[in-house]
Visitor: 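My structure is below; once you've seen it, I'll send some questions.
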Amino acid sequence: MMEENPAVQMDADSSKEVEGGTLGKQVVVMMVGAPGSGKSTFCNDVVSGGPHRLWHRVCQDSIANGKAGTKLQCLRSALDALKDGKSVFIDRCNLDREQRVEFVKLGSPQVDVHAVVLDLPARVCISRSVKRTDHEGNLQGGKAAAVVNRMLQKKEFPKLNEGFSRITFCQNDNDVQSAVDTYRALGPSESLPSGYFGQKGTDTKVQVGIMKFLKKVEAPEGSASDGVKCQNSTSKEGSKEKDTQCMETETIQINNKKAAEGGKRGDSVGGGISSNSLHTLAFPSISTADFQFNHEKASDIIVESIDEALNKFKNIRLVMVDLSSGSRILSLVKDKAVKKKLDPLRFFTFAGNITLINTEGNLGCTVIANATNWRLKPGGGGVNAAIFNAGGEALKLATKEQAGTISPGKSLVVSLPSTSPLFKREGITHVIHVLGPNMNPERPNYLKNDYVKGCKILCEAYSSLFESFASVVHAQRFQKESCNSSEPGSSYSHKDHTQRNYFDKLFRVDPKNKREDCLESLDSVRNKKYKALPLECGLNDGRDMRHNDFAGCGNHGDESVILEHNENMTSCSDITNSAPQGMIQKKNKKISDSSKKNWSSWAQALHQTAMNPEKHKDDILHISDDVVVLNDLYPKAKKHILILSRLNGLDELRDVRKEHLPLMRKMHSIGLEWAKKFIIDDNSMVFRLGYHSVPSMRQLHLHVISQEFDSIHLKNKKHWNSFNTAFFRDSVDVIKEIDEHGMAMVNDNENLLSTELRCHRCRSAHPNIPKLKFHIGVCKVPFSDTLLQNGRLVSGHLNET
DNA sequence: GTTCTAGAAC
DNA sequence: GTTCTAGAAC
């Protein structure tokens, strides 16, 4: 006979209030948390919250007639309660796997085992423990701090592969309240969806940000894959233990399958997942509809590609969507995924409308893929028409801005404007267009039944799609971390979150400005701090003319200096008539500046080289009468050379006038030749040619720099921003401006060099240089259209005219 | 431009 | 305690 304890009594009271009805699946909820984290309060709050379900709280601290008992007593008590049809809270610390393992075994086909992790800051737990005077376990007063600290050092977060079907992480009071509400509302015939919910903190002492990048600390997603590992077990653990784990994993997968199926019915599958752990991509089958690709072959490729992607990117979940549940390709993929033992937590199929993926499917998805046509145009029926239609004019325009066409096997990420109905209704932030191989003779690029080529292209298409998705996720996670890290206790909804990412991207908010700024309007952000930043939103390359500075007039002190310098130029007022607004502003601002810069001794090195190249022959790649070509002493990329003018007195961009146009063109053409040479050696290289608005070294020099920015010399914000903000003036633009206005704009606002670090491809913001460098090493998002236009970028695949 | 380093941030 | 930034010195 089990011991009487207050918890049981409490159940008896609450059970009286339970209304009749068939009992559904029971649940064992294992509380995980340090003393003082609020486990007992949590249980009591749920139990006292309503008549929805019969609960029994097992509290080890009071199980023996109000005193602390043993684990065995707790197990017995829990078993008895389950036999009585009750659900059970295991109210003990359960901080490591060993403490939990016996309780997990309480699970069965009729009993789900959940964990609720109260991962509150240690200081909060200690403070509560120290203050309380009535703790059941007598852990209070001064000794509490030492105990809590010791326990937290050993803590080990629960994972699904321990046998839990659902794990909820709570990091603050809001999370706790939300979890309490969830369990309070859980009716006797209802089940909660499986998976990880809420955000897991770190259970190590390492810096989370860095470790996430190094993939050494995986958030829950890592644990999800543990289940797969278990099936192919190479575990060093004993065989008995191994068997148990595998069996339990299987149970979880069954549970999750049910959860996934539940999604089709509109249950909240993945609602929690979307909030923080797994990022979901919904995608249609590519090429199997209008492009008539063989379904058998396609399904093999799809399953292979998914397997590869899930192994490569640990934090993603993929959902293949087709309108009809009778879809042949969906069935084929579903069967093959099972055979391939793809983790059902991370891949499943969904029969429904991809444009209603969240409102109908409730999949918590922020990115969808579109099987598009080569013109990236709406129409053609099928999923392409449906997605373009649902995305509205905003999607069409955003796509058009990115590219005019797309090649088979490639994908294109489009950031969805907030005006798009897909964004507003579904919370979709990105659409990834993909073009697959075409086997339909009536459509362009018909492959004439060449399945060798077709399969290759289809593989490439899926691979490109999943890579692009991973890049988007990566960018979003950084933005999320930026916002989260500024206010650890904060929590916000999925919708807030996606909007925040979007706004952050849109408004280029400095991570330093913290959360509240993330949602400020464009005007207020701009007026407050970034008055001088370029206005262009989204994929900004800092080219917006409205805030650029046309510094030529003021730089030399007054107008007479300019007139003396450039006889072709009539006057500054003439320039202002045709120059953009920003140019005029700068002219006025700079008019009182000192006339000539004093260059430090170290800043004279290039000047010396230009004047006496023969003395520096070892460092020089090429010498002519006009220019010297040399490697940058501290290259900021794999290839970084300087085309140095030899004209004495021409120190920097703001000195350049119309008379220098032939020289500027020559420098550009020599730079281009060198870039092409490098590209012949390495076809993957992309180059950009341009000038620093305000160079550190005297003597006009053109940078020719490869765009992977892989260099140990790229060390700080100034280095990055000098090549990746409007501070960097593309040679093609400079030449055009000189041709049209007689001088080139310089963007010498010092904010440009200290502005937030953003990826030059996807525009994601990064908190520091190491993180940015990691990101740019993996980001595969195509360069923005602005960069791709007018030959600003030079590569083996582009025209550099 | 880089190096060095104090101190902020994590 | 370690990582990272930013300012001073050169």
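Note on naming: letters A, B, ... go to the chains in the order of the sequence lines (proteins, then strands), and numbering restarts at 1 for each one.
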Visitor: For A:L757 and C:dT5, give me the distance from atom CG to atom P, rounded to whole Å.
Guide: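 Result: 7 Å.
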Visitor: I want to check a possible cation-pi pair here: A:K677 against A:W674, using under 6.0 Å from ring centre and within 45° of the ring axis as the test.
Guide: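 The answer is yes, since A:K677 meets both limits relative to A:W674.
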Visitor: In this structure, how many angstroms lie between the P atom of B:dT2 and the NE2 atom of A:H719, rounded?
Guide: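 A:H719 atom NE2 is separated from B:dT2 atom P by 4 Å.
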Visitor: In this structure, how many angstroms lie between the P atom of C:dT3 and the CZ atom of A:F774, rounded?
Guide: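 Checked: the CZ to P distance equals 17 Å.
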Visitor: I'd like to know if the side chain of A:R792 reaches the main chain of A:L787, judged simply by a donor and an acceptor atom lying under 3.5 Å from each other, with no hydrogens or angles considered.
Guide: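 Side chain of A:R792 to backbone of A:L787: no pair is present.
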Visitor: I need the single residue from A:F687, A:F723, A:Y691 that forms a ring-ring contact (aromatic ring centres under 6.0 Å, His included) with A:H703. Which is it?
Guide: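 Of the listed options, the one satisfying the test is A:F723.
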Visitor: Rounded to the Å, how far apart are A:L772 CG and C:dC4 C1'?
Guide: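 To the nearest whole Å, that distance equals 14 Å.
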Visitor: What's the CG-P distance between A:D619 and B:dG1, to the nearest Å?
Guide: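 Distance check: A:D619 CG to B:dG1 P gives 17 Å.
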Visitor: Reckon A:I769 touches a base, only the sugar-phosphate, or nothing at all at heavy-atom distances under 4.0 Å?
Guide: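 Answer is sugar-phosphate: A:I769 comes under 4.0 Å of backbone atoms only.
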Visitor: What's the CG-P distance between A:N768 and B:dA8, to the nearest Å?
Guide: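 Going from CG in A:N768 over to P in B:dA8 covers 18 Å.
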Visitor: Using whole Å, what does the distance between atom P of nucleotide C:dC4 and atom NZ of A:K771 come to?
Guide: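 Spelled out: NZ on A:K771 to P on C:dC4 is 8 Å.
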Visitor: Under 4.0 Å, counting only non-hydrogen atoms across every strand here, what does A:K715 touch: a base, just sugar-phosphate, or nothing?
Guide: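 Since only primed, P, OP1 and OP2 atoms lie under 4.0 Å of A:K715, the category is sugar-phosphate.
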Visitor: What is the separation between atom CG on A:L630 and atom P on B:dG1, rounded to the nearest whole Å?
Guide: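 That distance rounds to 13 Å.
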Visitor: Evaluate whether the aromatic ring of A:W602 and the six-membered ring of the B:dG1 base sit under 5.5 Å apart, centre to centre, with an inclination under 30°.
Guide: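 Here A:W602 meets both the 5.5 Å and the 30° conditions.
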Visitor: If you check every side-chain atom of A:P770, which of C:dC4, B:dT3, B:dT2 has the closest atom?
Guide: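 The answer is C:dC4.
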Visitor: Any donor and acceptor pair, going by atom type alone, linking the side chain of A:N768 with main-chain N or O of A:K771 inside 3.5 Å?
Guide: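 At least one qualifying donor-acceptor pair exists.
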Visitor: Base, sugar-phosphate alone, or nothing: which one does A:H701 contact when heavy atoms must sit under 4.0 Å apart?
Guide: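 Since no nucleic acid heavy atom lies under 4.0 Å of A:H701, the category is nothing.
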Visitor: Quick one: does A:K773's side chain have a donor or acceptor within less than 3.5 Å of a partner on A:L714's backbone?
Guide: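 Indeed, once roles are kept as given, a pair shorter than 3.5 Å links the two residues.
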Visitor: Counting just side-chain N and O atoms, does A:H692 come under 4.0 Å of either OP1 or OP2 of B:dG1?
Guide: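 For B:dG1, OP1 or OP2 has a side-chain N or O of A:H692 closer than 4.0 Å.
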